[in-house]
Amino acid sequence: QVQLVESGGGLVQAGGSLRLACAAAGLTSRNYAMGWFRQAPGKEREFVAVIGWSGYRTYNGDSVKGRFTISRDNAKNTVYLQMNSLKPEDTAVYYCAAGRGSTSRHDYEYWGQGTQVTVSS
């Protein structure tokens with residue numbers, strides 16, 4: 001059984017930083033890329049970042065380029081999202097997902113329960 005558990009969300013002031021973590025259990029195939037998505041109230045789930053299995057290939061969404069960094073530690077089965085220079089518009093529930101590694105949420109098979117990030121102005 002695959003389980004993804006996010007942690008690290010919270011309340012932070014604009015300009016601050018947070019690091020999210022996603023612990024993965026039960027992913028037996030090395031073909032899974034890991035992605036981060038976010039969803040604000042009343043909005044569609046938005047792609048944030050993706051990282052390939054090896055960790056060498058990454059891609060960020062336009063809204064977070066230059067501010068967020070995705071990384072992974074396969075020895076710990078954990079993916080991270082370092083978020084710097086946070087803005088109020090980054091406020092959302094952040095989800096990690098395992099799948100084929102595209103920017104589309106439809107290409108991901110497994111999802112975590114989400115962690116809330118709130119950025120105050």
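Scope of the values below: all heavy atoms of this structure, side chains included, with no hydrogens, waters or symmetry mates.
Hydrophobic cluster membership differs between Leu81 and Val93, with clusters built from Ile, Leu, Val, Met, Phe, Trp and Tyr side chains linked at under 4.5 angstrom. Taking hydrophobic clusters as Ile, Leu, Val, Met, Phe, Trp and Tyr residues chained together by side-chain heavy-atom distances below 4.5 Å, Leu27 shares a cluster with Val79. Cluster annotation: Val5 and Ile51 are assigned to distinct hydrophobic clusters (Ile/Leu/Val/Met/Phe/Trp/Tyr, side-chain heavy-atom contacts under 4.5 Å, transitive).
Shown here for Ala40 and Ala92, the closest heavy-atom pair between the two residues is N-CB, 3.8 Å. Closest of all the heavy-atom pairs between Gly101 and Ala33 is CA-CB, 3.4 Å.
Judged as a side chain to side chain donor-acceptor pair (under 3.5 Å), and not counting sequence neighbours, the contacts of Ser102 are Asp107. Scanning for side chain to side chain contact (heavy atoms under 4.5 Å, CB included) contacts around Glu89 gives Lys87, with sequence neighbours left out. Applying the side chain to side chain donor-acceptor pair (under 3.5 Å) rule to Ser17 yields the partners Asn84; only residues at least two apart in sequence or on another chain are considered. Partners of Arg72 according to the side chain to side chain donor-acceptor pair (under 3.5 Å) rule, which considers only residues two or more places apart in sequence or in another chain, are Asn74. Residues satisfying the side chain to side chain contact (heavy atoms under 4.5 Å, CB included) test with Asn77, not counting sequence neighbours, are none. Residues passing the side chain to side chain contact (heavy atoms under 4.5 Å, CB included) test with Thr78 are Ala21, Ala23, Lys76, Tyr80, sequence neighbours excluded. Residues forming a side chain to side chain contact (heavy atoms under 4.5 Å, CB included) with Thr118 (at least two apart in sequence, or on another chain): Leu11, Thr91, Gln116. In this structure Arg67 satisfies the salt bridge (charged side-chain N to carboxylate O under 4.0 Å, His left out) test together with Asp90, sequence neighbours excluded. For Arg19, there are no side chain to side chain donor-acceptor pair (under 3.5 Å) partners, not counting sequence neighbours.
Taking CD1 of Ile70 as the reference point, atom CE of Met83 lies at 12.0 Å (rounded to 0.5 Å). Met34 CE to Leu4 CG: the interatomic distance, rounded to the nearest 0.5 Å, is 5.0 Å. In this structure, CD on Gln113 lies 9.0 Å from OG on Ser7, to the nearest 0.5 angstrom. Taking SG from Cys22 and CD from Glu6, the interatomic distance works out to 5.5 Å, rounded to the nearest 0.5 Å.
Hydrophobic side-chain contacts under 4.5 Å tie Tyr56 to no other Ile, Leu, Val, Met, Phe, Trp or Tyr residue.
Contacts classified as ring pair (Phe, Tyr, Trp, His ring centres under 6.0 Å) and involving residues 95-121 (residues at least two apart or in different chains) are given here: Tyr32-Tyr110, Phe37-Tyr108, Phe37-Trp111.
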Enumerate, atom names and distances included, each donor-acceptor pair closer than 3.5 Å involving a side-chain atom of residues 42-50, sequence neighbours excluded.
unit_1 : atom_1 : unit_2 : atom_2 : d
Arg45  : NE     : Gln39  : OE1    : 3.2
Arg45  : NH2    : Gln39  : OE1    : 3.3
Glu46  : OE1    : Arg38  : NE     : 2.8
Glu46  : OE1    : Arg38  : NH2    : 3.4
Glu46  : OE2    : Ser63  : OG     : 3.1

For Leu86 and Phe68, run side-chain contact (heavy atoms from CB on, under 4.5 Å): C-alpha distance rounded to whole Å, both residues' side-chain angles, the deciding distance at 0.1 Å, then the answer. CA-CA 9 Å; Leu86 283 161; Phe68 291 11; 3.8 Å; yes
